[in-house]
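This chain uses plain numbering: 1 for the first residue, then up along the sequence. Because the structure is a prediction, the values reported are computed rather than measured.
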Amino acid sequence: MAAGKSGHSVLLIEPTNRIGGLVTSGLSHTDFHSLESLSGAFLDFANRVETHYAKTYGPDSPQVKASYHGTFGEPKVNLAVFHALLDEQPNVELVHQHLLVALKLTKSRPQRRIESVTLVNPQGNKRTIRGKVFVDGTYEGDLMAMAGVEWRAGREGRDEHGESLAPQTADDQLQAYNFRFIMTQDEANRVMPVAPPGYRREDFVGVLDAIASDKIQRVFDYPSKCIFKAHLPVLPGGKYDINDVSRGLVRLSLPGKNLGWPDGTPEERQAIFAEHLRDQVGLLYFLQNDPKVPDKFRQEALQWGWCRDEFLDTDHLPPQLYVREARRMQGVHIYTQADSEYAKEGTRAKFHRDSIAMADYGNNCHGTHHEGPRFGGKHSGEFYNPVPPYQIPYGVLLPKDVNNLLVSCAVSSSHVGFCALRLEPVWMSLGQAAGHAASIAVQLNQSVKQVDVSHLQRNLHADRSATIYISDVLPDSPDFAVVQWWGAAGGLRKLYPEGTPRKPRGKKLHGQYTKAAPWHAVEMDKTLDEKLGHRWRALAASIGVPPDVLPKANGSTTRGDFIRAAAAAARQ
């Protein structure tokens with residue numbers, strides 16, 4: 001979208017018959033904490049989802065309220081919105097069901113270049129595409145890997161990047177996968193599950209001991225003491241986004257069963273997909289139908305089914321598996337645990353002058369290994385790390401030695417670092433940054449590594465995409481771009497008095513959602529005090545803004561006055 005809006009021709013290659021990744025395949029309760037963290041492409045998308053519900057059901061309808069500002073959309077609605085967005089872009093051509101099978105590179109090192117890619121469709125017809133810049137937006141990093149870019153799967157040891165959340169020694173463990181089913185209790189829209197291919201009753205009898213304990217009280221619930229996490233609030237249409245129960249006794253995610261996925265062939269990935277489907281649909285079918293299941297649990301389970309109006313081409317089941325982590329590029333900047341933790345001073349996370357996106361969720365891992373039996377054992381490698389809102393530098397998108405490739409999902413990171421980036425709003429922001437960077441590179445005939453990050457940031461800010469978290473100047477504000485520019489220059493560091501208590505998240509609203517993170521406001525109407533004014537003038541001078549055009553801290557000048565004046569002078 002971002003590249004197309006910039007006026008360049010774009011070919012969007014979708015390996016499946018459905019665009020949108022997990023956003024259209026069941027992940028409808030989006031992972032973020034505060035609405036103030038949403039900007040750019042994701043905020044535009046969410047606003048359009050909300051508008052869809054308002055136009056369809058009325059602005060004060062339960063559906064609009066249930067959509068939570070458009071961030072909780074039904075998969076079919078999310079899909080329709082993505083297609084509407086693409087329909088607005090005449091420069092973007094979309095092709096479905098084309099798999100990458102070959103790639104041509106210039107052979108000279110250290111800076112190689114992708115000349116072309118070859119695709120194949122289900123009929124076996126091949127198509128070779130030449131391009132000036134390529135973006136790998138796959139969860140797995142397939143284009144990146146075929147280009148010979150360095151990548152990694154598994155976990156680093158604790159000492160490699162100094163990460164407290166990492167294991168003591170490196171291993172091949174990978175964050176587990178599961179499906180994000182969309183289910184309903186509405187009889188009119190309910191389709192009852194059937195036994196999946198390969199179903200074997202003996203695989204599931206172990207769950208009987210689990211449900212006999214007080215650690216499992218319901219089949220479906222939120223957030224714990226259940227087997228299927230039915231996210232709340234309910235989605236529009238009376239639908240539920242179903243997920244793995246964090247730290248639960250019975251898990252949907254299957255650590256170890258996905259190790260062949262990152263570098264697997266299409267056939268190997270299909271086998272892993274089928275194994276997860278057999279396990280997770282089979283578990284539900286067992287709970288609904290097996291006579292040994294206590295009546296209390298069986299009758300509750302029978303109230304739930306697939307949604308008749310979702311995933312029509314795949315028997316109402318999500319067409320994609322939730323690939324939480326696969327390959328990770330080892331590029332120009334390897335994003336680690338330290339990148340999303342507090343800076344040594346102040347109330348913000350580590351400052352990145354070359355930031356091209358931001359987020360507020362934190363490092364989140366559903367587990368990488370399972371100890372004990374399938375039912376009643378325990379996941380290890382699980383963590384949920386609260387951090388302040390954090391920035392993401394441009395280098396996470398850049399390979400070291402291919403000069404016309406950007407990687408927006410399988411980004412350069414450690415395992416722990418990736419667990420703060422693996423969120424759909426973040427991937428949308430990184431995709432938006434990649435699109436603008438590609439456009440600049442094409443326009444100026446540059447390597448993607450030669451792109452001036454300040455130029456890229458200006459384009460992103462103009463496109464309402466934030467590169468630093470600011471709680472009180474949001475994308476709809478006329479001051480958004482100038483305040484983001486000032487934040488990118490470093491103007492918002494240590495804005496609060498020394499000793500201000502650090503609190504990474506705001507007051508809880510519901511579930512994982514909170515009010516704005518504290519101590520991240522600019523307070524544009526606040527009078528500029530002399531100490532801050534002196535520091536800001538020095539910063540302005542360091543980036544080429546003449547001090548004589550800047551207002552002084554004279555008791556009437558506000559912070560907003562100074563930032564607007566500095567931005568105006570910088571544009572001249």
Side-chain angles (χ1 to χ4, degrees), residues 22 25-27 139 173-183 191-211 215-216 218-221 226-231 240-262 264 266-290 292-293 297-298 300-302 304-306 311 314-326 365-382:
L22 261 290
S25 292
L27 200 161
Y139 291 122
Q173 292 184 19
L174 189 68
Q175 185 168 189
Y177 305 169
N178 58 265
F179 284 97
R180 296 294 288 259
F181 297 131
I182 294 292
M183 301 189 71
V191 176
M192 296 311 296
V194 298
Y199 174 80
R200 298 179 305 182
R201 177 184 181 272
E202 59 267 28
D203 292 335
F204 304 103
V205 292
V207 79
L208 296 174
D209 289 336
I211 61 179
K215 293 182 180 179
I216 298 292
R218 294 179 62 83
V219 177
F220 291 87
D221 208 345
C226 56
I227 296 173
F228 294 88
K229 182 194 287 184
H231 276 288
Y240 291 80
D241 175 346
I242 305 300
N243 198 7
D244 177 48
V245 179
S246 303
R247 299 194 175 103
L249 182 67
V250 176
R251 306 297 293 265
L252 296 189
S253 57
L254 298 174
K257 301 292 187 180
N258 59 344
L259 296 184
W261 185 280
E267 294 77 18
E268 289 167 337
R269 288 178 180 169
Q270 181 55 40
I272 293 169
F273 180 99
E275 182 176 13
H276 281 72
L277 192 71
R278 181 192 61 79
D279 181 273
Q280 287 158 37
V281 177
L283 173 60
L284 178 60
Y285 179 81
F286 177 87
L287 291 166
Q288 289 182 328
N289 294 280
D290 198 275
K292 291 293 185 180
V293 175
F297 289 99
R298 190 167 70 252
E300 183 215 335
L302 283 167
W304 293 77
W306 317 130
F311 311 133
T314 50
D315 295 325
H316 312 291
L317 292 166
Q320 290 197 39
L321 186 60
Y322 185 11
V323 177
R324 289 188 171 95
E325 176 186 23
C365 183
H366 274 241
T368 62
H369 184 68
H370 187 77
E371 302 166 356
R374 166 68 180 92
F375 302 108
K378 182 181 179 182
H379 280 18
S380 60
E382 193 168 8

So CG of Leu252 and NE2 of His276: to nearest 0.5 Å the spacing works out to 10.0 Å
Check: Gln320 and Leu22 side chains under 4.5 Å, non-hydrogen atoms | yes
(Q) Is there a side-chain contact between Val281 and Trp306 in this structure, where contact means two heavy atoms from C-beta onward sitting under 4.5 Å apart? (A) yes
Heavy-atom closest pair (Arg324 atom, Ala176 atom, distance to 0.1 Å) is NH1-O, 3.0 Å
Only residue of Lys229, His231, Arg180 satisfying side chain to side chain donor-acceptor pair (under 3.5 Å) with Asp241 is Arg180
When Arg251, His369, Gln175 are each screened for side chain to side chain donor-acceptor pair (under 3.5 Å) with Glu382, the one that passes is Arg251
Rounded to the nearest 0.5 angstrom, the NZ-CG distance for Lys215 and Leu249 is 6.0 Å
When rounded to the nearest 0.5 Å, the distance separating CG of Leu302 from CD of Glu300 is 10.0 Å
So CG of Asn258 and CD of Gln173: to nearest 0.5 Å the spacing works out to 10.5 Å
| task | Please tell me if the side chains of Asp244 and Tyr322 come closer than 4.5 Å, counting only heavy atoms from C-beta onward. | result | no
Check Asp279 with Lys257, please: is the shortest side-chain N to carboxylate O separation under 4.0 Å? no
CD1 (Ile227) and CG (Leu287) are apart, to the nearest 0.5 Å, by 5.0 Å
Taking the side chain as every heavy atom from C-beta outward, state whether Leu208 and Phe286 have any atom pair closer than 4.5 Å.
-> yes
Taking the six-membered ring for Trp, are Phe273 and Phe179 ring centroids under 6.0 Å apart?
yes
Requested in this report: Carefully, step by step, assess Leu284 and Phe220 under the rule side-chain contact (heavy atoms from CB on, under 4.5 Å).
Outcome: CA-CA 10 Å; Leu284 178 60; Phe220 291 87; 3.8 Å; yes
### Query
Does the side chain of Arg374 reach to within under 4.5 Å of the side chain of Val207, using non-hydrogen atoms?
no
Checklist entry - Just by modelled atom types, is the Cys365 backbone N or O under 3.5 Å from a matching donor or acceptor in the Glu325 side chain? => result no
Open item on the list: Does Leu317 form a side-chain contact (heavy atoms from CB on, under 4.5 Å) with Phe311? I'd like the steps, not just the answer.
Closed with: CA-CA 6 Å; Leu317 292 166; Phe311 311 133; 5.6 Å; no
- Query: Do other residues, nucleotides or ligands put more than 12 heavy atoms under 6.0 Å from the CG atom of Asp315?
  - Reply: no
Smallest heavy-atom separation, Gln288 atom then Ala301 atom, equals NE2-O, 2.8 Å
d(Tyr177 OH, Leu254 CG) to nearest 0.5 Å is 12.0 Å
Note: Gly305 and Pro193 closest approach over all heavy atoms is CA-CD, 4.1 Å
Classify the ring geometry between Tyr199 and Phe204 as parallel (under 30°), tilted (30 to 60°) or perpendicular (over 60°). parallel
- Message: Does Trp304 form a side-chain contact (heavy atoms from CB on, under 4.5 Å) with Val219? I'd like the steps, not just the answer.
- Response: CA-CA 10 Å; Trp304 293 77; Val219 177; over 6 Å; no
| Is a donor on one side and an acceptor on the other found under 3.5 Å between the side chain of Arg278 and the backbone of Pro196? | no
Only residue of Asn243, Leu283, Val250 satisfying side-chain contact (heavy atoms from CB on, under 4.5 Å) with Phe228 is Leu283
